Participant: 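Take this structure first; my questions come after.
Side-chain atoms are counted along with the backbone in the values below, which use heavy atoms only and exclude waters and symmetry mates. This structure is a prediction, so every number in the text was calculated from the model and none was measured.
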Amino acid sequence: MLDERKALVADIRRFNRFYTRTVGLLDETLTQSAFTLTEARVLFELGHLNRPAVSEAAGERGFLAKAFHLEMGPTASDIARQLRVDAAYLTRILRKFASGGLTETRTDPADKRRRILSLTARGEAALSELQAAADRDTARLIENLPDRRLQELGGALRKARELLGDACESSEVTLRPHRIGDVGWVVQRQARLYAEEYGWNIEFEAMLAEIGADFIRNFVPGRDFCWIAERGEEPVGAVFLVHQDDEVAKLRLLHVEAPARGLGIGKRLVAECVNQARACGYSNLVLWTNDVLVAARAIYERAGFRLVSQQPHHSFGKDLTGQTWELDL
């Protein structure tokens, strides 16, 4: 494990060298503008603190505002502390901005000792030009990537931020119908998750693969469904609704990825199944689970399912108790 961490450190440093060179962060100024990288970052934060409604909708609200709820705007000390900029260096930057007519200060009405910073109209215009140039430069980096690689790159960037502790931005969770490849993803993810969390062996993956193959092979449009939950375009959960006969449907393979738990995703996926089953005219919705899946069972119970039978069994390398739950629609 120590060797793996050392190798990862080397990989991260190698990426940093590649990225800073590729996007021109080592140039004297950013995007051939009049601003250095640090000046541009300060300008960005100042420009996005006093318009949260617009900025948050675009996913661009400065992290100072989100971290400190600075609805009135930051002071110089706020910026210096959070951007880790030397106070004397920041003072020189702010003086440059002020002399160029880019910033203005005002007294915080709630605390007369605080001097609030904000951009002037000229500063807003400079920021807009800077962001447009940065967007153009970044667009050129990815202009030759095919669509499937764009999705792969976006997912990798989001995952890297998540793993490195960037929790400032939360993406909306959406549900979508399955696409080619999604059933295979469900099988792979659930097999790994249940092995890691419950110690289930490869027999469980075999059962998942059989269920997935049956779903694809016997799929009836308008009667069978699979929903994938996505957060920031990254899959974080899934559930299946399949027909048993004209009257009875089955809820199958509910799961939520560990980092996305606690957001109500499992509840939404189950509710989607229940609502769709009713819309399709099914009279009964059934599911089979195991008693060790406590969180899932709590969701089923809150959705109105009732436990109708249970039976001990030895499967997936474990002694388990299987349970059948039903919901009258």
Side-chain angles (χ1 to χ4, degrees), residues 178 182-220 223-229 235-278 280 282-329:
H178 73 287
D182 284 333
V183 175
W185 174 81
V186 172
V187 172
Q188 187 266 344
R189 288 306 304 151
Q190 288 206 28
R192 179 166 295 181
L193 283 171
Y194 283 91
E196 293 173 351
E197 297 182 2
Y198 298 98
W200 293 3
N201 64 22
I202 202 167
E203 295 173 11
F204 182 60
E205 185 173 359
M207 187 189 77
L208 294 170
E210 291 170 357
I211 293 173
D214 286 343
F215 175 80
I216 296 172
R217 189 177 298 114
N218 302 316
F219 181 78
V220 178
R223 303 294 286 174
D224 298 317
F225 304 86
C226 168
W227 291 277
I228 305 296
V236 293
V239 75
F240 290 73
L241 177 68
V242 298
H243 73 279
Q244 176 171 298
D245 52 43
D246 290 342
E247 297 295 324
V248 180
K250 292 182 178 180
L251 185 155
R252 312 200 78 172
L253 303 188
L254 172 70
H255 97 277
V256 177
E257 296 288 304
R261 292 171 188 169
L263 300 177
I265 297 174
K267 178 181 177 180
R268 284 185 60 186
L269 288 166
V270 170
E272 192 75 17
C273 277
V274 172
N275 293 336
Q276 186 62 63
R278 288 192 174 113
C280 289
Y282 291 113
S283 60
N284 194 254
L285 184 58
V286 302
L287 65 89
W288 181 82
T289 189
N290 285 278
D291 65 339
V292 295
L293 306 181
V294 177
R297 291 193 295 112
I299 293 174
Y300 302 143
E301 191 167 12
R302 286 195 295 269
F305 285 85
R306 56 187 177 87
L307 177 64
V308 295
S309 66
Q310 53 185 345
Q311 182 70 37
H313 65 102
H314 184 85
S315 303
F316 324 134
K318 300 289 182 178
D319 291 323
L320 302 168
T321 299
Q323 296 182 335
T324 298
W325 294 69
E326 292 186 0
L327 175 66
D328 294 328
L329 300 172

Participant: Would you mind reporting whether Val186 and Ile228 have side-chain heavy atoms less than 4.5 Å apart?
Facilitator: yes

Participant: Can you find a heavy atom in the side chain of Lys267 that is under 4.5 Å from one in the side chain of Arg302?
Facilitator: no

Participant: Any heavy-atom pair between the side chains of Thr324 and Gln311 that's under 4.5 Å?
Facilitator: no

Participant: Strictly distance-based, threshold 3.5 Å: is any side-chain N or O of Arg189 a donor or acceptor partner for the main-chain N or O of Gly237?
Facilitator: no

Participant: Quick check on Ile216: does its CD1 atom have over 12 non-hydrogen neighbours (other residues, nucleotides or ligands) under 6.0 Å away?
Facilitator: yes

Participant: Can a cation-pi geometry be assigned to Arg297 and Phe305, taking NZ or CZ under 6.0 Å from the six-membered ring centre and within 45° of the ring axis?
Facilitator: no

Participant: Is there a donor-acceptor pair under 3.5 Å between the side chain of Gln190 and the backbone N or O of Leu253?
Facilitator: yes

Participant: Are the side chains of Asp328 and Arg306 in contact, using a 4.5 Å heavy-atom criterion?
Facilitator: yes

Participant: Nearest 0.5 Å, what's the SG-CG distance between Cys280 and Asp224?
Facilitator: 9.0 Å

Participant: Enter the distance from Arg252:CZ to Cys226:SG here, rounded to the nearest 0.5 Å.
Facilitator: 12.5 Å

Participant: Do you know which two heavy atoms are closest between Lys318 and Gly199, and how far apart they sit?
Facilitator: CE-O, 3.5 Å

Participant: As a quick check of understanding, evaluate side chain to side chain contact (heavy atoms under 4.5 Å, CB included) for Met207 and Phe316, giving each step before the final call.
Facilitator: CA-CA 9 Å; Met207 187 189 77; Phe316 324 134; 3.8 Å; yes

Participant: Is the side chain of Gln310 donor-acceptor paired with the backbone N or O of Gln323 at a distance under 3.5 Å, no angle test?
Facilitator: no

Participant: Rounded to the nearest 0.5 Å, what separates atom CD in Glu203 from atom NE2 in His314?
Facilitator: 7.0 Å

Participant: Find the distance between CG (Leu285) and CG (Leu327) and round it off to the nearest 0.5 Å.
Facilitator: 6.0 Å

Participant: So Tyr282 and Arg223, side chain to side chain contact (heavy atoms under 4.5 Å, CB included) or not? Walk me through it.
Facilitator: CA-CA 9 Å; Tyr282 291 113; Arg223 303 294 286 174; 3.1 Å; yes

Participant: What verdict does the side chain to side chain contact (heavy atoms under 4.5 Å, CB included) test give for Phe215 and His178, after you've listed the backbone C-alpha separation in whole Å, the side-chain angles of each residue and the deciding distance to 0.1 Å?
Facilitator: CA-CA 11 Å; Phe215 175 80; His178 73 287; 3.7 Å; yes

Participant: More than 12 heavy atoms of other residues, nucleotides or ligands under 6.0 Å from CG of Asn275: is that the case?
Facilitator: yes

Participant: Any non-hydrogen side-chain atom of Lys250 less than 4.5 Å from a side-chain atom of Trp288?
Facilitator: no

Participant: So among Trp185, Tyr194, Phe240, which one has a ring pair (Phe, Tyr, Trp, His ring centres under 6.0 Å) with His255?
Facilitator: Trp185

Participant: Where do Asn290 and His313 land on the side chain to side chain donor-acceptor pair (under 3.5 Å) test, with the steps shown first?
Facilitator: CA-CA 10 Å; Asn290 285 278; His313 65 102; 2.7 Å; yes

Participant: Please tell me if the side chains of Trp200 and Leu320 come closer than 4.5 Å, counting only heavy atoms from C-beta onward.
Facilitator: yes

Participant: Does the side chain of Leu241 reach to within under 4.5 Å of the side chain of Trp227, using non-hydrogen atoms?
Facilitator: yes

Participant: Might you confirm whether atom CZ of Arg278 has over 12 heavy atoms from other residues, nucleotides or ligands at distances under 6.0 Å?
Facilitator: yes

Participant: Using 30° and 60° as the class boundaries, would you call the ring planes of Trp325 and Tyr300 parallel, tilted or perpendicular?
Facilitator: tilted

Participant: Between CG of Leu263 and CD of Glu257, what distance do you get to the nearest 0.5 Å?
Facilitator: 12.5 Å

Participant: Heavy-atom distance under 4.5 Å between the side chains of Leu251 and Val239, does that happen here?
Facilitator: yes

